[in-house]
Amino acid sequence: MPANVKRSENLEKHLTKEERQARQAAEAEILPDRVAKLKMPRSLNKDPAAKRYWKSILARMEGLAILDDLDGEMLAVYCSSLSRRDSLNALCHSLVEEMEAALTSAERLDLTNKLDSLMAKLQGQEKTLLSFADKLGMTPEARVRLARKRAEQVEQAPDDDLYGD
């Protein structure tokens, strides 16, 4: 498993002055002035919860240059997944309430089995959400990884690959 990515001020590695400046410049580029103009896909029109998530995420990411026009569909899938997670969570809560009201142990056992399978689906949904969040740059580690990648690109001289070294 790869090591966690750190911000430049938390690095213990000794960098040259140029490497450190390139890394800090790349980290600063994550917060530029330009804003991506993402259009909400039509697939979210039928799901009001996913639509709310779309608007909320874009509002919170205002000013970040992490997403561009090509990420719109992936963000839409992420918002739909958040909506599905909410639905599964609501269903879990209703099953727990039914379990509390159940009179016989057979009813409780049946509801417990349903709740267990639903919880497994909910955990799978949450793992998927974390994966999407990481790919979209919505986790701190993903943003730092992006900055490190940009810094490495800046560090390379334009003629470094001239001789295939």
Side-chain angles (χ1 to χ4, degrees), residues 1-13 23 26-32 34-152:
M1 185 170 181
N4 288 340
V5 183
K6 297 180 182 178
R7 291 186 52 130
S8 60
E9 63 259 10
N10 297 333
L11 282 177
E12 296 171 3
K13 180 182 173 183
R23 178 74 180 261
E27 286 178 5
E29 284 179 5
I30 292 179
L31 304 166
R34 77 173 181 90
V35 176
K37 297 191 174 154
L38 295 173
K39 282 181 62 177
M40 185 171 50
R42 291 182 190 159
S43 60
L44 295 184
N45 286 338
K46 297 176 184 175
D47 190 352
K51 208 181 219 184
R52 282 191 306 274
Y53 277 119
W54 174 274
K55 291 177 182 176
S56 169
I57 289 169
L58 287 184
R60 287 183 285 152
M61 293 185 79
E62 187 173 334
L64 295 177
I66 294 175
L67 300 178
D68 61 10
D69 298 335
L70 298 174
D71 297 322
E73 290 297 323
M74 186 177 232
L75 182 60
V77 171
Y78 178 71
C79 293
S80 295
S81 295
L82 285 170
S83 175
R84 280 193 298 272
R85 186 223 32 210
D86 290 349
S87 299
L88 285 175
N89 204 9
L91 190 55
C92 282
H93 286 296
S94 67
L95 278 176
V96 167
E97 289 174 3
E98 283 183 42
M99 221 163 55
E100 291 173 356
L103 301 175
T104 66
S105 60
E107 289 174 341
R108 286 187 181 175
L109 183 63
D110 183 45
L111 289 172
T112 302
N113 289 337
K114 288 179 182 178
L115 188 62
D116 285 344
S117 66
L118 193 58
M119 289 300 287
K121 288 179 183 179
L122 188 58
Q123 286 176 340
Q125 187 73 26
E126 288 171 347
K127 284 181 184 178
T128 302
L129 284 170
L130 286 174
S131 172
F132 270 109
D134 191 50
K135 298 220 182 297
L136 287 167
M138 293 182 188
T139 62
E141 186 176 346
R143 289 190 298 273
V144 173
R145 187 176 337 124
L146 179 63
R148 185 177 67 182
K149 191 176 189 180
R150 287 181 182 174
E152 288 171 357

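Worth knowing before you read on, the calculation uses all heavy atoms, side chains too, and leaves out hydrogens, waters and symmetry mates. Since we're looking at a predicted model, the values are computed, not measured.
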With side-chain contact (heavy atoms from CB on, under 4.5 Å) as the criterion, how do N45 and M40 come out once you've worked through the C-alpha distance, each side chain's angles and the decisive distance to 0.1 Å? CA-CA 8 Å; N45 286 338; M40 185 171 50; 4.1 Å; yes
Check step by step if side-chain contact (heavy atoms from CB on, under 4.5 Å) holds for M119 and L88. CA-CA 8 Å; M119 289 300 287; L88 285 175; over 6 Å; no
Could you check L44 against Y53 for side-chain contact (heavy atoms from CB on, under 4.5 Å), going step by step and ending with a plain yes or no? CA-CA 10 Å; L44 295 184; Y53 277 119; over 6 Å; no
Working note: L136 + I57, criterion side-chain contact (heavy atoms from CB on, under 4.5 Å); need CA distance, chi angles, decisive distance, verdict. CA-CA 11 Å; L136 287 167; I57 289 169; over 6 Å; no
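Residues meeting the side-chain contact (heavy atoms from CB on, under 4.5 Å) test with T112, sequence neighbours left out: M99, D116. With sequence neighbours left out, the salt bridge (Lys or Arg N to Asp or Glu O under 4.0 Å) criterion links K114 to D110. Residues meeting the side-chain contact (heavy atoms from CB on, under 4.5 Å) test with E73, sequence neighbours left out: P41. The side-chain contact (heavy atoms from CB on, under 4.5 Å) check on N89 picks up H93, L122, with sequence neighbours excluded. Listed by chain and number, the residues in a side chain to side chain donor-acceptor pair (under 3.5 Å) with S81 are R84 (sequence neighbours excluded). The side-chain contact (heavy atoms from CB on, under 4.5 Å) check on N113 picks up L109, with sequence neighbours excluded.
Nearest heavy atoms, Y78 versus L129: CE1-O, 3.4 Å. Pairing each heavy atom of W54 with each of A76, the nearest pair is CZ3-N, 3.7 Å. Contact between A50 and S83 at its shortest, heavy atoms only, is N-CB, 3.9 Å.
From L82, atom CG reaches atom OG of S87 across 11.0 Å, with rounding to the nearest 0.5 Å.
In this structure, K46 and K51 have side chains that are not in contact, with every pair of non-hydrogen atoms separated by 4.5 Å or more.
Under the side-chain hydrogen bond (donor to acceptor under 3.5 Å, both in side chains) criterion, the residue pairs touching residues 122-136 are D134-T139, D134-R145, with sequence neighbours excluded. The side-chain hydrogen bond (donor to acceptor under 3.5 Å, both in side chains) pairs that include a residue from residues 94-108 number zero, where partners must be two or more places apart or lie in different chains.
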